[in-house]
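Just below is one structure, and these are the notes that go with it.
One-based numbering, in listed order, for ligands and for the atoms of each.
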Amino acid sequence: MTDRVLIFDTTLRDGEQSPGATMTHAEKLEIAGMLDDMGVDIIEAGFPIASEGDFAAVAAIAKASRNSTICGLSRANFKDIDRCWEAVKHAAKPRIHTFIGTSELHRAIPNLTMDQMAERIHDCVTHARNLCEDVQWSSMDATRTEWDFLKRTVEIAIAAGATTINIPDTVGYTAPVESADLIRRLIAECEGGTDVIFATHCHNDLGMATANSLAAVEGGARQIECTINGLGERAGNTALEEVVMAMKVRSDIMPFHSNVDSKKIMAISRRVATVSGFPVQFNKAIVGKNAFAHESGIHQDGMLKNAETFEIMRPTDVGLTETSLVMGKHSGRAALRSKLLELGYELADNQLADVFVRFKELADRKKEVFEDDLVALMRQNDAVEDRIKLKSLRVVCGTDGPQTADIVLTIDGVEKSASTTGDGPVDSAFNAVKALFDHKARLQLYQVHAVTEGTDAQATVSVRLEEDGRIATGQSADTDTVVASTKAYINALNRLIVRREKTAPDHDTKGVSYKDVGQ
Ligand code: KIV
Ligand code: ZN
């Protein structure tokens with residue numbers, strides 16, 4: 001057994017599945033490119049049968065792939081598997097991932113007996129293997145599956161040709177000792193257990209996903225399934241940055257390593273936060289804004305004397321630069337390009353020209369432009385596919401209401417304007433948008449943060465909308481809070497439009513239900 005652990009990233013499948021985290025086609029391609037670039041071994045690019053959009057994204061990612069294996073998810077039925085193959089076959093290294101829920105609770109949903117399920121696994125893995133050399137089998141809810149039946153499903157999948165066996169902790173139920181024991185026992189007791197790679201796929205419902213994944217590696221697993229920022233349904237999945245850095249920092253007691261270039265972690269973390277609309281909590285391990293901040297006097301004093309007093313890894317190890325103060329209004333185009341590259345944005349000349357204009361506008365309004373300001377600025381660049389665009393906004397507010405908003409929007413290329421009132425400036429601006437683009441979405445969340453310090457700081461706003469069970473999150477930033485709010489609202493509406501193209505609401509797993517496993 002080697003000490004090399006494969007990193008399987010499922011940000012674009014399990015991560016994107018979390019309600020509100022919908023990404024556009026272009027965003028998925030961009031994230032896949034970054035994952036490939038940073039040394040991720042396997043990218044789970046989506047669930048091809050879920051929608052035309054998912055299929056197209058997986059196929060495009062497969063075509064563009066360079067080093068990573070490109071994997072697609074499919075339920076255990078021939079139709080899903082065939083569709084998955086059609087999408088991933090374009091990759092130099094394609095993989096079909098197929099699964100079924102094997103625990104008693106999950107078996108009851110398709111109403112299959114153990115024997116019927118065993119036969120289904122044999123047939124599906126054999127079928128997948130006839131299409132593709134690299135097949136991954138998952139016994140979903142493995143950690144709550146009876147031992148004898150779990151062992152039987154794994155042995156059937158191995159005999160039918162699966163090359164990777166995934167043992168998902170689907171509901172985040174296991175604990176480290178149990179996680180290690182389960183993998184160890186499966187490898188030792190399953191027929192063919194030493195001929196395949198065992199994978200661990202943990203959810204974070206009890207906050208133990210990272211610990212459980214590393215324990216599984218201790219038990220013999222050699223593939224960790226994870227997402228950037230731990231993005232994922234409910235409490236999320238194992239965070240890629242945490243397992244990669246834990247193996248690196250504590251190689252003395254965990255003598256394993258991955259192929260991931262840890263210096264690329266911050267850039268992709270920021271990008272995933274932006275495109276998914278899920279901001280990273282400030283105190284999140286490795287990638288949180290405060291992960292390397294030392295504010296208390298005692299800490300600062302210790303840090304000045306010797307950084308190791310309070311730091312177990314260097315900020316540069318994860319791609320954080322020494323200083324976050326970047327530029328002002330005299331900074332040039334080349335400096336902007338190189339700073340953006342450092343932050344994970346590789347821009348073509350025409351894109352840079354556009355961003356440079358907006359950077360100058362921002363630098364005129366704000367004396368100092370920080371890294372976080374640039375990340376916020378880049379969010380405005382994501383608007384290329386938007387159907388609704390803000391042209392201008394004027395809001396009048398004060399103590400003697402009512403507040404009024406005059407707005408001009410471009411909707412599908414046609415300019416439209418409206419004047420409305422509301423209960424406060426944000427409400428009046430949102431009413432103005434609704435007057436021009438009628439919809440029945442409900443506002444679920446409205447959150448404002450200051451990007452940096454000072455009264456000239458940009459406000460970054462998140463807006464989450466829900467319409468018929470479909471959820472979309474929008475984000476934006478501006479030195480004017482009302483403008484940032486309106487842009488975030490419009491961004492959420494644009495994402496909702498993309499979301500409407502999927503065939504079913506979020507709780508049905510992006511168009512298809514995991515429950516429907518008919519052949
Ligand atoms: O959590 C889970 O069980 C999954 C499977 C589809 C692998 O995501
Ligand atoms: Zn999962």
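Under 4.0 Å from ligand 1, the heavy atoms of Asp14 that appear belong solely to its side chain.
Side-chain atoms of Gln444 and Glu466 include no donor-acceptor pair closer than 3.5 Å.
At least one side-chain heavy atom of His257 sits under 4.5 Å from a side-chain heavy atom of Asp3.
Residue Asn166 is tested with Met140, Gln223, His97 for a side chain to side chain contact (heavy atoms under 4.5 Å, CB included); the sole match is His97.
The pair Arg83-Glu52 meets the salt-bridge criterion, with a side-chain N (NZ, NE, NH1 or NH2) lying under 4.0 Å from an Asp/Glu carboxylate O. Asp317 and Arg314 are joined by a salt bridge, as a carboxylate oxygen and a charged side-chain nitrogen come within less than 4.0 angstrom of each other. Under the 4.0 Å criterion applied to side-chain N and carboxylate O atoms, Glu242 and Lys284 are assigned as salt-bridge partners.
The N/O atoms of Arg13, backbone and side chain alike, include one that comes under 3.5 Å of an N/O atom in ligand 1. Taking any N or O of Asn166, backbone or side chain, none lies under 3.5 Å from an N or O belonging to ligand 1.
Residue contact check: His201 has heavy atoms under 4.0 Å from atoms 1 (O), 2 (C), 4 (C), 8 (O) of ligand 1. Atoms of ligand 1 lying under 4.0 Å from any heavy atom of Met140, numbered from 1 in the order shown and given with element: 3 (O). Per-residue contacts place His203 under 4.0 angstrom from the following atoms of ligand 1 (heavy atoms of the residue considered): 1 (O).
For Arg4, the CZ atom is densely surrounded, since the number of other residues' heavy atoms within 6.0 Å is greater than 12.
The angle subtended at the Zn ion (ligand 2) by NE2 of His201 and NE2 of His203 is 100°, given to the nearest 10°.
Looking only at N/O/S atoms, Asp14 comes nearest to the Zn ion (ligand 2) through OD2.
Around atom 7 (C) of ligand 1, the closest heavy atom drawn from Ser138, Ser74, Ser139 belongs to Ser138.
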